[in-house]
Amino acid sequence: MEKARKRVLVKFSGEALAGENGFGIDTSILRFIASEIKSMVEANVEVGIVIGGGNIIRGVSAAKDGIIKRTSGDYMGMLSTVINSVAMQEALEYVGTDVRVQSAIKMEAICETFIVRRAQRHLEKGRIVIFAAGTGNPFFTTDTAATLRAIEIGADMIIKATKVDGVYDKDPNKFLDATLLHELSYDQAMQDSIKVMDDTSIALAKDNGLPIVVCNMFKKGNILNIINGDYSLCSVVK
Ligand code: UDP
């Protein structure tokens, strides 16, 4: 029998797309990410993607002076993830991959609506699926949305692609002797000093035995190496 292909969900923060100025979308970063994802697809990996919206709007910040309600701010945040997802779709098509965006909130002129069976079919056909609009509900984060989608599509792992090599025992920007933790438990990952993701996401991953990998997205080939079993440059929560 043919071995089932690996399936992963990669989570990028919105800020990762912004580049130097911290806002908007830097197309050179989009292109870099797209070529990394392409190399994964070429290696026969099925790839789902979730992108945050922090480079455009976060609900909490939008609502901080009380003029915009938190729920509305959160919907604005979810819309930001759709903007990022459409941009990423373009970059992925630019590098020659097949990709679909599925939104948790129906917006049929822009993209498909999230339907898990349809997403699975796309993945089986070798298409990348970008899951947009978070969970579709306020008071959640895109980390939680990514964990939820990873579980729904039966991903082998969720990969949180960051600017750092993984999780450290203390802040590497402040302490020279900070060491990279190669493996940690879900409970350790929830500790305030570590906080790999928000508690909701970690609890969901823990309940469903989904490994969380934290790694550096800017090191070329790193994510594919991890998928191929080389965990030397990342942290794994399991
Ligand atoms: N958001 C939400 N529900 C979700 C996912 C996201 O309300 O299920 C909103 C929330 O306001 C959040 C914003 O969308 O601040 C952008 O997502 P996030 O902050 O997770 O983006 P990232 O930090 O990864 O860029």
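Residue numbers count from 1 along this sequence. First listed ligand is number 1; within each ligand, the first listed atom is number 1.
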Notebook entry, point to check: Does a side chain donor of either Ser201 or Thr144 reach within less than 3.5 Å of an acceptor in the other side chain?
Noted result: yes

Check: Which of the atoms of ligand 1 are close to Gly52, meaning less than 4.0 Å from one of its heavy atoms?
Finding: 21 (O), 22 (P), 24 (O), 25 (O)

Checklist line | atom 13 (C) of ligand 1 [closest protein heavy-atom partner, distance rounded to 0.1 Å] | finding: Gly77 CA, 3.6 Å

Next item on the list: Report yes or no: do Asp143 and Thr141 form a side-chain donor-acceptor pair below 3.5 Å?
Entry: no

Note to self: Please list the nearest protein heavy atom to atom 17 (O) of ligand 1 with its residue and the distance rounded to 0.1 Å.
What the structure shows: Thr142 CG2, 3.5 Å

Next item on the list: Could you list the atoms of ligand 1 found under 4.0 angstrom from a heavy atom of Gly54?
Entry: 21 (O), 22 (P), 25 (O)

Notebook entry, point to check: How far is atom 3 (N) of ligand 1 from its nearest protein heavy atom, and which residue and atom name does that atom have?
Noted result: Asn137 O, 2.7 Å

Margin query: Tell me if the CZ atom of Phe139 is crowded by more than 12 foreign heavy atoms within 6.0 Å.
Written below: yes

Note to self: Could you identify the single nearest non-hydrogen protein atom to atom 12 (C) of ligand 1 and state the distance to 0.1 Å?
What the structure shows: Gly59 N, 4.1 Å

Next item on the list: Any chance you could lay out the side chain to side chain contact (heavy atoms under 4.5 Å, CB included) test for Met217 and Ile33, step after step, and finish with the verdict?
Entry: CA-CA 8 Å; Met217 59 176 268; Ile33 295 175; 3.5 Å; yes

Item checked: Identity and separation of the nearest protein heavy atom to atom 16 (C) of ligand 1 -> Gly53 N, 3.7 Å

Check: Do NZ/NE/NH1/NH2 and the carboxylate oxygens of Lys125 and Asp98 come within less than 4.0 Å?
Finding: no

Note to self: Among all the protein's non-hydrogen atoms, which is closest to atom 2 (C) of ligand 1, and how far away is it?
What the structure shows: Phe140 O, 3.1 Å

Note to self: Check this for me, if you would: do Arg100 and Glu93 make a salt bridge, where the nitrogen-to-carboxylate-oxygen distance has to be below 4.0 angstrom?
What the structure shows: no

Checklist line | Element-labelled atoms of ligand 1 that are located less than 4.0 Å from some non-hydrogen atom of Gly134 | finding: 4 (C), 5 (C), 8 (O)

Checklist line | Option nearest atom 19 (O) of ligand 1 (shortest heavy-atom distance, choices Glu15, Lys11, Lys160, Arg58) | finding: Arg58

Item checked: Interfacing atoms of ligand 1 (cut-off 4.0 Å, heavy-atom, Gly14) -> 22 (P), 24 (O), 25 (O)

Next item on the list: Classify the side-chain pair Asp230/Ser232 by whether it contains a donor and acceptor separated by less than 3.5 Å.
Entry: yes

Next item on the list: Can you pull out the closest protein heavy atom to atom 9 (C) of ligand 1? Residue, atom name and distance to 0.1 Å, please.
Entry: Asp74 O, 3.4 Å

Note to self: Give me the residue, atom name and distance of the protein heavy atom closest to atom 5 (C) of ligand 1.
What the structure shows: Thr141 C, 3.4 Å

Check: Going by distance only, is there an N or O of Tyr75 that falls short of 3.5 Å from an N or O of ligand 1?
Finding: no

Margin query: Which of the numbered atoms in ligand 1 are under 4.0 angstrom from any heavy atom belonging to Thr135?
Written below: 4 (C), 8 (O)

Note to self: With heavy-atom distances below 4.0 Å as the criterion, list the atoms of ligand 1 near Pro138.
What the structure shows: 7 (O)

Notebook entry, point to check: Would you call Met78 and Ile105 a side-chain contact if the rule is heavy atoms closer than 4.5 Å?
Noted result: yes

